[in-house]
Amino acid sequence: TANVSHELKTPLTSILGTAEIMKGGLVKPEDIPHFAGNIHRETERLIGLVNDIIKLSRLDEGGGLGQWETVDLYEEARAVLEQLAPAAQRKQVTTRLQGGEALVRGVPQIVEEIVYNLCDNAIAYNRPGGSVTVTVEDTAFGPRITVADTGIGIPPEAQSRVFERFYRVDKGRARKNGGTGLGLAIVKHIVQLYGGTLTLESAVGRGSTFTVTLPLAKDNA
């Protein structure tokens with residue numbers, strides 16, 4: 001509760017402060033777009049945070065997740081990378097998808113959460129000129145998706161904590177990129193719910209590789 005309160009209060013305080021300055025007539029007309037942009041940015045961040053909290057709450061409850069279907073991880077990855085293309089372009093990060101069809105049983109929107117959060121993180125914490133490689137394959141252990149980036153990497157002492165709710169290695173950069181600190185926690189929760197495995201390999205300055213393996217489609221029928 002304390003973490004949630006803090007994360008909600010920060011953008012709200014920024015929005016309130018900016019609105020008060022504008023309301024008091026202390027902003028020059030030519031500066032209004034800048035201040036309005038600040039309100040818009042913080043509001044988007046706040047909405048993203050609330051949405052992530054709702055997702056985790058529903059996962060905790062284990063209900064209302066939707067209808068299970070057979071989902072192709074490769075197609076989910078392709079759609080997610082298309083969706084994140086503008087963000088990758090802004091960050092000057094190239095993305096690549098390789099592999100092929102890999103079927104898993106699950107709720108399409110929930111499976112997409114895994115792919116989206118991993119790819120979104122890989123882009124957000126990358127470097128200009130960096131890359132993100134997404135590999136989807138069907139293995140003997142089940143469908144597998146690997147997201148590898150050439151970003152800032154994660155220190156060894158932080159690698160066991162990055163899946164905790166609201167934990168962020170670089171809080172300043174996370175706020176700048178609009179991170180809520182819940183993306184990887186959502187991934188971990190979903191993978192556990194589906195009986196899969198989640199691993200991380202990372203080196204500071206060299207990037208990170210997240211690998212998710214889910215049960216075979218026939219095992220989750």
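Nothing here was measured: the structure is a model prediction, and the numbers come from that model.
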[X] side chain near [Y] side chain, heavy-atom distance below 4.5 Å:
{"X": "Thr70", "Y": "Val104", "result": "no"}
{"X": "Val187", "Y": "Phe210", "result": "no"}
{"X": "Ile190", "Y": "Ile186", "result": "yes"}
{"X": "Ile154", "Y": "Val204", "result": "no"}
{"X": "Glu101", "Y": "Asp138", "result": "no"}

[X] and [Y]: which non-hydrogen atoms are nearest, and at how many Å?
{"X": "Met22", "Y": "Ile32", "value": "CE-CG2, 4.0 Å"}
{"X": "Pro29", "Y": "Pro33", "value": "O-CD, 3.8 Å"}
{"X": "Leu84", "Y": "Cys119", "value": "CD1-CB, 3.7 Å"}
{"X": "Tyr194", "Y": "Pro215", "value": "O-CG, 3.1 Å"}

Who are the side chain to side chain contact (heavy atoms under 4.5 Å, CB included) partners of [X], not counting sequence neighbours?
{"X": "Ser131", "value": "Thr94, Thr150"}
{"X": "Ala122", "value": "Val132, Val147, Asp149"}
{"X": "Glu112", "value": "Glu76, Val80, Gln83"}
{"X": "Thr211", "value": "Arg144, Thr146, Thr199, Thr209, Thr213"}

Spatial distance of atom [atom1] ([X]) from atom [atom2] ([Y]) [nearest 0.5 Å]:
{"X": "Leu200", "Y": "Ser208", "atom1": "CG", "atom2": "OG", "answer": "6.0 Å"}
{"X": "Tyr74", "Y": "Leu97", "atom1": "OH", "atom2": "CG", "answer": "4.0 Å"}
{"X": "Glu42", "Y": "Thr13", "atom1": "CD", "atom2": "OG1", "answer": "9.5 Å"}
{"X": "Leu73", "Y": "Leu103", "atom1": "CG", "atom2": "CG", "answer": "8.5 Å"}
{"X": "Gln89", "Y": "Ile123", "atom1": "CD", "atom2": "CD1", "answer": "11.5 Å"}
{"X": "Phe35", "Y": "Leu26", "atom1": "CZ", "atom2": "CG", "answer": "9.0 Å"}

Identify whether [X] and [Y] are in the same connected component of the hydrophobic contact network (ILVMFWY, side-chain heavy atoms under 4.5 Å).
{"X": "Phe141", "Y": "Val71", "answer": "no"}
{"X": "Leu193", "Y": "Val111", "answer": "yes"}
{"X": "Leu46", "Y": "Leu16", "answer": "no"}

Review point. Salt bridge or not for Glu75 and Arg78, using N-O below 4.0 Å?
Key: yes

Within the distance-only criterion (no hydrogens, no angle test), does the side chain of [X] pair as donor or acceptor with the backbone N or O of [Y] below 3.5 angstrom?
{"X": "Glu69", "Y": "Val107", "answer": "no"}
{"X": "Asp72", "Y": "Ala102", "answer": "yes"}
{"X": "Asp120", "Y": "Tyr116", "answer": "no"}
{"X": "Lys91", "Y": "Ala124", "answer": "yes"}

Exercise for review: Could you walk me through whether Glu164 and Arg161 pass salt bridge (Lys or Arg N to Asp or Glu O under 4.0 Å), step by step?
Suggested key: CA-CA 5 Å; Glu164 295 178 12; Arg161 300 196 60 193; 3.1 Å; yes

Check your understanding: Between Thr95 and Val134, is a side-chain contact (heavy atoms from CB on, under 4.5 Å) present by the stated rule, with each step listed?
Key -> CA-CA 8 Å; Thr95 62; Val134 180; over 6 Å; no

Check your understanding: Is the number of heavy atoms from other residues, nucleotides or ligands under 6.0 Å of Glu137 CD greater than 12?
Key ->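 Yes, enclosed.
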
Exercise for review: Mind jotting down which residue pairs meet the side chain to side chain donor-acceptor pair (under 3.5 Å) criterion with at least one end in residues 18-36? Sequence neighbours excluded, please.
Suggested key: Thr18-Asn38

Point to revise | side-chain hydrogen bond (donor to acceptor under 3.5 Å, both in side chains) against Gln98, all qualifying residues, sequence neighbours excluded | key: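 By the side-chain hydrogen bond (donor to acceptor under 3.5 Å, both in side chains) rule, Gln98 matches Arg96, Thr135.
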
